[in-house]
Amino acid sequence: GALVRLQVKSAWFNTFDQNYCIDVRCTKTNRRLMLRSLYTNQDFDFALVYLPEKRIFYVFPVAAFIGF
């Protein structure tokens, strides 16, 4: 009976660093301007991060996700 807010992200593999990367910023755009800001604890409850090459999801609590 509780609402859970999710943020879904797709990760990409950085061949130089040999690790997966995700953008932990919020992006708001219109036709003229793109604003990026960091997420806060109030924006969502969990982040689902998808690794397409592995076909797997990881679930992070918001505090862990925005800590990067």
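Summarising the local packing, CZ of R55 is surrounded by 12 or fewer heavy atoms from other residues, nucleotides or ligands at distances under 6.0 Å. The 12-atom threshold is exceeded at NZ of K9, counting heavy atoms of other residues, nucleotides or ligands nearer than 6.0 Å. Atom OH of Y58 sits in a sparse spot, with 12 or fewer heavy atoms from other residues, nucleotides or ligands closer than 6.0 Å.
With rounding to the nearest 0.5 Å, the separation of CZ in R36 from OG1 in T27 is 4.5 Å. Of the inter-residue distances, the one linking Y39 atom OH with C26 atom SG reads 5.0 Å to the nearest 0.5 angstrom. Distance check, rounded to the nearest 0.5 Å: CG of N14 to CH2 of W12 gives 8.5 Å.
Residues forming a side chain to side chain donor-acceptor pair (under 3.5 Å) with N30 (at least two apart in sequence, or on another chain): none. In this view, D43 satisfies the salt bridge (charged side-chain N to carboxylate O under 4.0 Å, His left out) rule with no residue, not counting sequence neighbours.
Using a 4.5 Å cut-off on side-chain heavy atoms (C-beta onward), F65 and I22 make contact. The side-chain heavy atoms of F57 and V59, taken from C-beta on, include no pair separated by under 4.5 Å. Residues F46 and Q7 have side chains not in contact (no heavy-atom distance under 4.5 Å, counting atoms from C-beta outward). Counting only heavy atoms from C-beta outward, the side chains of T40 and I66 never approach each other to under 4.5 Å. Contact of the E53 side chain with the Y20 side chain is registered, since non-hydrogen atoms from C-beta on lie closer than 4.5 Å.
When all heavy atoms of Y50 and I56 are compared, the closest pair comes out as CD1-O, 3.3 Å. A11 approaches L51 most closely through the heavy-atom pair CB-CD1, 4.0 Å.
A single hydrophobic cluster is seen to contain both L48 and V4, as judged by linkage of ILVMFWY side chains at heavy-atom distances under 4.5 Å, directly or through other members.
At distances below 3.5 Å, not a single donor-acceptor pair connects side-chain atoms of D17 with backbone N or O atoms of N19. Formation of a donor-acceptor pair under 3.5 Å by the D45 side chain with backbone atoms of R5 is found in this model.
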